[in-house]
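Written below as structure tokens is the structure these notes are about.
All values below were derived from every heavy atom in this structure, side-chain atoms included, with hydrogens, water molecules and symmetry-related copies excluded.
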Amino acid sequence: MKKLINRLNGDKGIWSFVALLALFSFMPVFSASSNLAYLGHGTGNTLGYLVKHLAHVACGFAIIYYVHKVPYHYFRSISKIALPVVWVILAITMIKGTVIGGANASRWIQIPFVGISFQPSALAALILYVFVARYLSKTRSEPIEFVQSLRELWLPVFITLIFILPANFSTTALIFSMVLMLVFVGKYPLKYIGIIVGSGIVFLSFFWVLSKAFPDAKLFSRVRTWESRIENFSTNKPDEDDYQIEKAKIAIASGKIYGLGPGKSVQKNFLPQSSSDFIYAIIVEEYGLIGGLGVLALYLLLLFRFVVASHKANTLFGKLVVIGLGFPMIFQAMINMAVAVELLPVTGQTLPLISSGGTSIWMTCISLGIIIGVTKKEEEIEQEQKEAARREEALQRLIDAQLEAEDEQNQNQSFSIEDKTNNPMNAVLNR
């Protein structure tokens with residue numbers, strides 16, 4: 001075990017907090033999966049879901065390990081090549097996406113010959129963040145021109161968002177917000193950001209108007225769901241989402257300070273998404289306010305390590321990659337917790353590293369692998385600098401020792417102006 005830990009490069013704080021979140025996830029997932037077990041095969045046995053989650057987490061850590069070994073600057077070129085491929089996958093998903101749990105959103109696609117459902121929007125977000133970081137970190141002799149940035153930056157961003165929007169508004173809004181945050185940090189001109197935000201609002205309004213003109217079109221099938229969620233959030237009108245929120249609030253209130261205890265949740269039998277979207281409510285019910293605040297603290301500590309890693313990165317691309325991949329992870333966690341306590345409408349965002357689900361865990365682990373790869377590079381540079389300083393210090397000691405030896409030798413030698421040589425002219429000179 002010690003040898004394995006020693007082979008892990010990069011920020012040890014990030015490794016530690018990720019491991020703690022992943023280890024903790026087994027208890028709430030094992031408990032909260034009872035609802036799925038009853039609906040799936042009627043036995044209530046959650047062992048199979050626990051084993052499945054274990055496989056997802058194990059694969060996730062293998063992904064982190066192998067990705068963090070790849071030099072992070074390779075992902076500059078990979079993002080440019082992979083983005084058009086993602087567009088094709090998103091288009092296929094929009095047309096032939098799998099319906100999960102009866103939902104009419106085509107967010108998932110079945111991987112051929114494997115039988116695993118995959119959510120391409122998560123991969124698209126990851127690649128898009130790296131792509132934006134790549135654009136912002138390019139060396140320029142002149143300031144950014146808006147027209148040029150429209151073609152090189154915002155056109156790929158909006159193409160990606162257009163493919164995701166019809167099936168998943170919350171993910172589209174999250175990605176767009178994080179891209180805006182990233183370009184702001186990357187010192188993209190503020191006046192241009194204002195134009196882009198205005199354009200996004202105009203496009204979304206146009207999309208909503210089209211949904212009213214063609215209400216039966218498959219492309220706009222989710223618009224009514226978005227409207228109802230926002231409407232029900234601002235009013236007390238009961239519906240399915242309100243039912244979930246009420247059960248989540250009951251679970252949180254039942255937990256009190258210390259919780260009911262591991263596996264003793266009651267509301268897990270009533271919450272439809274108790275092991276994914278609303279797992280935070282089950283955590284608070286079973287582990288109380290202390291457990292809920294503990295999970296929140298782990299995410300905040302992870303955010304702190306991301307800030308430190310970004311500050312230590314010696315390249316602009318490294319700084320932006322850490323921010324672009326790390327901050328959305330924490331922001332998504334905050335959204336999930338806010339939904340559970342009804343601070344936000346239902347969004348369908350999972351709790352990173354804790355909620356069950358392969359796509360969410362694996363995409364999060366790829367992001368973590370890239371981030372740790374950045375910190376590993378900085379550690380390697382720091383180690384090289386320390387070794388160079390040690391070599392220089394050792395060389396200086398050798399030089400000083402040699403000079404001291406020469407000084408001692410010179411001091412031990414006696415000098416005289418008397419000529420002791422056997423000069424044949426001495427007979428004449430001495431006369």
Side-chain angles (χ1 to χ4, degrees), residues 73 75-77 79-80 82-84 86-87 90 121 124-166 168-211 226 230 303 306-307 309-332 334-335 338 344-345 347 349 367 370-371 374:
H73 62 271
F75 294 99
R76 293 175 63 104
S77 302
S79 65
K80 187 176 181 180
L83 198 58
V86 168
W87 293 343
L90 288 172
S121 60
L126 188 156
I127 293 175
L128 187 63
Y129 296 145
V130 179
F131 178 84
V132 174
R134 168 190 167 276
Y135 173 82
L136 295 172
S137 63
K138 288 197 302 185
T139 303
R140 297 181 179 85
S141 58
E142 298 179 357
I144 295 176
E145 295 182 359
F146 182 64
V147 176
Q148 183 182 15
S149 66
L150 279 178
R151 182 180 65 255
E152 296 182 2
L153 173 63
W154 294 112
L155 181 61
V157 169
F158 280 115
I159 290 175
T160 306
L161 296 179
I162 287 171
F163 281 123
I164 300 174
L165 176 62
N168 200 336
F169 172 74
S170 61
T171 299
T172 306
L174 175 62
I175 295 174
F176 185 57
S177 300
M178 292 297 99
V179 168
L180 292 177
M181 180 271 298
L182 188 57
V183 296
F184 176 77
V185 173
K187 297 183 179 180
Y188 187 79
L190 195 59
K191 59 182 179 180
Y192 297 161
I193 295 178
I195 296 174
I196 294 301
V197 172
S199 302
I201 295 173
V202 170
F203 176 79
L204 185 61
S205 302
F206 180 69
F207 184 83
W208 179 77
V209 170
L210 286 178
S211 70
W226 309 337
I230 297 174
L303 174 63
F306 289 155
V307 173
S310 175
H311 178 71
K312 287 184 176 180
N314 65 341
T315 64
L316 180 57
F317 178 69
K319 293 178 184 293
L320 294 175
V321 162
V322 173
I323 293 173
L325 297 180
F327 281 38
M329 197 183 307
I330 308 301
F331 194 63
Q332 180 180 333
M334 299 303 169
I335 291 176
L344 290 174
T347 59
Q349 298 297 326
S367 299
I370 298 174
I371 293 172
V374 175

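- Looking only at side-chain heavy atoms (C-beta outward), T171 and L165 stay at 4.5 Å or farther from each other.
- Proximity of L155 to L150: side-chain heavy atoms (C-beta onward) are nowhere separated by under 4.5 Å.
- A heavy-atom distance below 4.5 Å is found between the side chains of V183 and L153.
- Using a distance-only test at 3.5 Å, with no hydrogens or angles considered, no donor-acceptor pair links the side chain of S310 to the main chain of F306.
- Other residues, nucleotides and ligands contribute more than 12 heavy atoms inside 6.0 Å of the CD atom of Q148.
- R76 and S137 share a donor-acceptor pair across their side chains, judged by distance under 3.5 Å alone.
- Within the 4.5 Å cutoff, no side-chain heavy atoms of K319 are placed close to those of N314.
- Within the 4.5 Å cutoff, no side-chain heavy atoms of S79 are placed close to those of L83.
- Side-chain contact between V321 and F75: absent, with no pair of heavy atoms (C-beta onward) separated by less than 4.5 Å.
- Taking 4.5 Å as the limit, some side-chain heavy atom of Y129 sits within range of a side-chain heavy atom of I175.
- Here the shortest heavy-atom pairing between M178 and F331 reads CE-CD2, 3.6 Å.
- Side-chain contact of Y188 with S149: a donor-acceptor pair under 3.5 Å is present, judged by distance alone.
- Taking the six-membered ring where tryptophan is involved, the planes of F176 and F158 are tilted, since the angle between them lies from 30° to 60°.
- Dense packing is recorded around CZ of F207, with more than 12 heavy atoms of other residues, nucleotides or ligands lying under 6.0 Å away.
- By the neighbour-count criterion of 12 heavy atoms within 6.0 Å, atom CZ of F146 is densely surrounded, having more than that number from other residues, nucleotides or ligands.
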